[in-house]
Amino acid sequence: MEHPELLPIFFTIAFIYASVGFGGGSSYLAILALYGLPFKEIRLLALICNVIVVTGGTLLFIKHKQVIWKKMLPLAITSIPMAFYGATVRLSEDTFFIILGISLFLAGALLWRKTKENETESKMDANLPRDAMIGGSIGFLSGMVGIGGGIFLSPVLNLLKWDTAKHIAATASFFILVNSISGIAGQLSGLPPEINYIQLAFLGGAVLLGGQFGARIGAARFNSLVIRRVTAMLVLYAGAEVLFKHLPWFK
């Protein structure tokens, strides 16, 4: 494995994100971008790690009936094909990293801003056109960049007071899972032959362990605001570094 120091980093990211129902795709991308790995490999690694981390949490949410299928399906039905399509878009390396840098900045800002969560039972009915548009838009961006999209979806749904915090977390977890799988499928036709599968396997093992520990211990043992803002600073720094390297004005 070329970068063994990534193992504890990925373990920690998975641990933190799994404790709040996310996969960690934006932070995996942020770290991998700083290491200068090939951009097609970066997207694949982030999405596979997402799937590994959120699968267990999603199954638990479904088991405990936290997923409201009637409201969630409009988001997922449009996001799945759009994530696939976004992943098939052929981008130059500079274009990809510019989009990634902007996305990391947006993700970091959303992480830093603590949205007030709606803890009361919502009476809002499903809004098919609105939810379909939200799901499709986030799905397309997620597929292009290589994330599951939960880091964008969750704040949007909280701002809309779409439902309770638990139901939004369950929806975001399912959204991340299906979008990550769809994004991987969209990338399969354009994968480079030189992917380091040994590194992929080790990083997958690290996030599997971190995700399992995080999901079981949960966020209650940590100051979630501190975790959120430390992670936001990392993502914002990575976004700035990526843009500095790839925007033509800085070359």
Side-chain angles (χ1 to χ4, degrees), residues 3 5-35 37 41-61 83 100-101 103-112 138-139 141-143 145-155 168-184 199-219 221-222 224-239 242:
H3 303 288
E5 68 276 13
L6 286 175
L7 295 176
I9 296 173
F10 270 50
F11 174 91
T12 303
I13 291 172
F15 180 89
I16 292 170
Y17 277 85
S19 71
V20 292
F22 286 169
S26 59
S27 290
Y28 303 135
L29 283 170
I31 295 297
L32 294 170
L34 293 177
Y35 272 80
L37 271 66
E41 186 173 344
I42 285 175
R43 294 195 303 172
L44 181 66
L45 277 167
L47 288 176
I48 290 176
C49 289
N50 257 354
V51 171
I52 292 171
V53 173
V54 300
T55 296
T58 301
L59 293 175
L60 285 174
F61 280 128
L100 173 61
S103 299
L104 290 175
F105 253 104
L106 178 57
L110 290 172
L111 274 172
W112 184 271
I138 296 177
L141 175 62
S142 301
V145 175
I147 59 176
I151 201 169
F152 298 128
L153 180 69
S154 184
I168 288 174
T171 298
S173 184
F174 185 88
F175 189 86
I176 293 167
L177 177 61
V178 297
N179 276 332
S180 297
I181 294 172
S182 182
I184 291 169
Q199 181 164 262
L200 175 58
F202 274 103
L203 293 177
V207 299
L208 175 62
L209 291 174
Q212 291 297 310
F213 280 116
R216 280 159 176 73
I217 293 175
R221 295 173 181 261
F222 304 97
S224 60
L225 180 59
V226 172
I227 291 172
R228 182 194 296 263
R229 291 196 165 170
V230 169
T231 307
M233 290 175 65
L234 165 66
V235 174
L236 286 167
Y237 171 77
V242 168

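Here the straight-line distance linking atom CG of L141 with atom CG of N179 works out to 10.5 Å at 0.5 Å rounding. To the nearest 0.5 Å, atom OG1 of residue T55 and atom CD1 of residue I176 are 11.0 Å apart. Taking CG from L45 and CD from Q199, the interatomic distance works out to 6.5 Å, rounded to the nearest 0.5 Å. Here CG of L209 is found 10.0 Å from CG of L7. Values are rounded to the nearest 0.5 Å. Annotation: the span from I16 atom CD1 to F213 atom CZ amounts to 15.0 Å, rounded to 0.5 Å. Atom-to-atom distance recorded for I48:CD1 and R43:CZ is 12.5 Å, nearest 0.5 angstrom.
Judged purely by atom type and a 3.5 angstrom limit, N50 uses its side chain to pair as donor or acceptor with the backbone of G25. Side-chain atoms of S154 never come within 3.5 Å of backbone atoms of G150 as a donor-acceptor pair (strictly under, hydrogens ignored). Side chain of T58 to backbone of V54: a donor-acceptor contact under 3.5 angstrom is found.
Counting only heavy atoms from C-beta outward, the side chains of V207 and I13 never approach each other to under 4.5 Å. Inter-residue side-chain proximity for F152 and I147 is flagged as met; some heavy-atom pair is nearer than 4.5 Å. With a 4.5 Å cut-off on side-chain heavy atoms, S26 and Y17 count as touching.
For the residue pair S103 and V145, the shortest heavy atom distance occurs at OG-CG2, 3.5 Å. The minimum heavy-atom distance linking L153 with A172 is given by the pair CD2-CA, 4.1 Å. The two residues S173 and G57 come nearest to each other via the heavy atoms OG-C, 4.1 Å. Of all the heavy atoms in I52 and G204, the pair that sits closest is CD1-CA, 3.6 Å. Minimum heavy-atom separation, G211 to V53: CA-CG1, 4.3 Å.
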- prompt: Run the side-chain contact (heavy atoms from CB on, under 4.5 Å) check on L6 and L32 step by step: do they pass?
  reply: CA-CA 9 Å; L6 286 175; L32 294 170; 4.2 Å; yes
Using side-chain contact (heavy atoms from CB on, under 4.5 Å), reason through Y35 and E5 one step at a time and then give a plain yes or no. CA-CA 11 Å; Y35 272 80; E5 68 276 13; 3.1 Å; yes
Audit row: L34, Y237, side-chain contact (heavy atoms from CB on, under 4.5 Å) steps and yes/no: CA-CA 10 Å; L34 293 177; Y237 171 77; 4.2 Å; yes
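Under the 6.0 Å cut-off for aromatic ring centres, Y28 and F10 qualify, their centroids lying closer than that.
Under the side chain to side chain donor-acceptor pair (under 3.5 Å) criterion, S182 pairs with no residue, sequence neighbours left out.
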